[in-house]
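Written out below as structure tokens is the structure these notes cover.
The chains referred to below are lettered A, B, ... by the order of the sequence lines, with proteins before strands, and numbering in each begins at 1.
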Amino acid sequence: GIQVEQSPPDLILQEGANSTLRCNFSDSVNNLQWFHQNPWGQLINLFYIPSGTKQNGRLSATTVATERYSLLYISSSQTTDSGVYFCAIAYNTDKLIFGTGTRLQVFP
Amino acid sequence: NAGVMQNPRHLVRRRGQEARLRCSPMKGHSHVYWYRQLPEEGLKFMVYLQKENIIDESGMPKERFSAEFPKEGPSILRIQQVVRGDSAAYFCASSPDPRRGHNYEQYFGPGTRLTVT
């Protein structure tokens, strides 16, 4: 079946630093979404990005569908960015397959 | 425009009892998905429904679990005779019909945290 891999598994940053999270997938997709799960367990939609580039404030994402990867950039990180970042994809079906996540901790 | 609503947010059940989790999709959305997140793990697909129709239940355990999305009212995920291993966060997501407009984005609710004692 289709595989989704995220890296790095853990990331520790000081406030103000920038970071790049990566999502690799094994086949073509018609849906790719990035989520942030905060320390209270709430799942927040960040981007719907099956291809191309999008920006929202300090966050941006790029998906290169032909090379089967997506990147999430976090600039000037804040403590409220802490949590787990998930990449999820769907391929010719509607069910999302989630990666194992990147756990981010931002310290003041 | 209200988001996806789930209730209850927290549910405690004793082993052997039944758990009923409810999900109201976003206005205008006709498709509902249920996912389960075990402690310290990612989310796993369980079932995908349209009104009065199960589209894909390949992720549902074969026994004790059922789901419905009636013509009127919320989608229900029902777990009979709960066991400790059912303790998890259950998330519901909704989308418009993916085959219209080719927008496949799913919007997630806040989740129901089920604890089985």
Side-chain angles (χ1 to χ4, degrees), chain A residues 1-10 21 23-25 27-52 54 56 61 63 65 70 72 83-105, chain B residues 1 3-6 9-10 23 25-26 29-50 53-60 67 87-115:
Chain A
I2 195 164
Q3 305 288 324
V4 186
E5 293 181 354
Q6 290 188 244
S7 60
D10 296 280
L21 283 59
C23 173
N24 291 336
F25 44 94
D27 216 323
S28 58
V29 298
N30 56 19
N31 181 357
L32 189 147
Q33 294 183 239
W34 281 98
F35 299 91
H36 174 213
Q37 188 166 39
N38 64 24
W40 297 270
Q42 188 179 9
L43 201 63
I44 300 160
N45 282 40
L46 296 178
F47 294 103
Y48 168 69
I49 188 165
S51 64
K54 290 185 178 178
N56 184 3
T63 297
S70 182
L72 177 68
V84 183
Y85 289 80
F86 289 107
C87 164
I89 62 168
Y91 164 63
N92 279 352
T93 67
D94 302 296
K95 59 188 178 189
L96 285 173
I97 300 168
F98 281 75
T100 51
T102 292
R103 185 175 299 276
L104 174 64
Q105 297 179 71
Chain B
N1 187 11
V4 178
M5 311 275 282
Q6 290 188 249
R9 296 289 301 275
H10 299 273
C23 169
M26 284 180 71
H29 287 188
S30 55
H31 293 239
V32 164
Y33 314 78
W34 287 93
Y35 295 84
R36 178 167 66 174
Q37 185 178 31
L38 295 171
E40 303 300 319
E41 293 189 12
L43 280 76
K44 296 279 182 3
F45 167 79
M46 297 182 76
V47 62
Y48 164 34
L49 309 104
Q50 283 178 289
N53 194 17
I54 295 176
I55 306 298
D56 182 351
E57 55 182 347
S58 58
M60 285 272 273
S87 294
Y90 292 82
F91 288 93
C92 168
S94 74
S95 73
D97 186 343
R99 292 159 189 87
R100 294 185 188 173
H102 303 287
N103 181 349
Y104 298 89
E105 185 172 9
Q106 296 183 22
Y107 298 81
F108 280 73
T112 294
R113 274 139 192 91
L114 172 65
T115 302

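Interatomic distance, Glu57(B) CD to Lys95(A) NZ, rounded to the nearest 0.5 Å: 11.0 Å. Phe108(B) contributes atom CZ, which lies 5.5 Å from atom CG of Leu96(A) (distance to the nearest 0.5 angstrom). Summarising the geometry, atom CD belonging to Gln106(B) is positioned 6.5 Å from atom CG belonging to Asn31(A); distances are rounded to the nearest 0.5 Å.
Looking only at side-chain heavy atoms (C-beta outward), Phe91(B) and Gln37(A) come within less than 4.5 Å of each other.
A salt bridge links Glu40(B) with Arg103(A): the distance from a Lys NZ or Arg NE/NH1/NH2 to an Asp or Glu carboxylate oxygen falls below 4.0 Å.
Contact between Glu105(B) and Asn45(A) at its shortest, heavy atoms only, is OE2-ND2, 3.4 Å.
Tyr35(B) touches chain A through its side chain: at least one heavy atom from C-beta onward sits under 4.5 Å away, while N, CA, C and O do not.
If you look at Phe45(B) and Phe98(A), their ring centroids are not closer than 6.0 Å.
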Could you go through Phe86(A) and Gln37(B), starting from their C-alpha distance and side-chain angles, then the distance that decides it, and tell me whether this counts as side chain to side chain contact (heavy atoms under 4.5 Å, CB included)? CA-CA 12 Å; Phe86(A) 289 107; Gln37(B) 185 178 31; 3.9 Å; yes
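For Arg113(B), the salt bridge (charged side-chain N to carboxylate O under 4.0 Å, His left out) test picks out no residue, with sequence neighbours left out.
In the displayed structure, Met5(B) atom CE is contacted under 6.0 Å by at most 12 heavy atoms of other residues, nucleotides or ligands.
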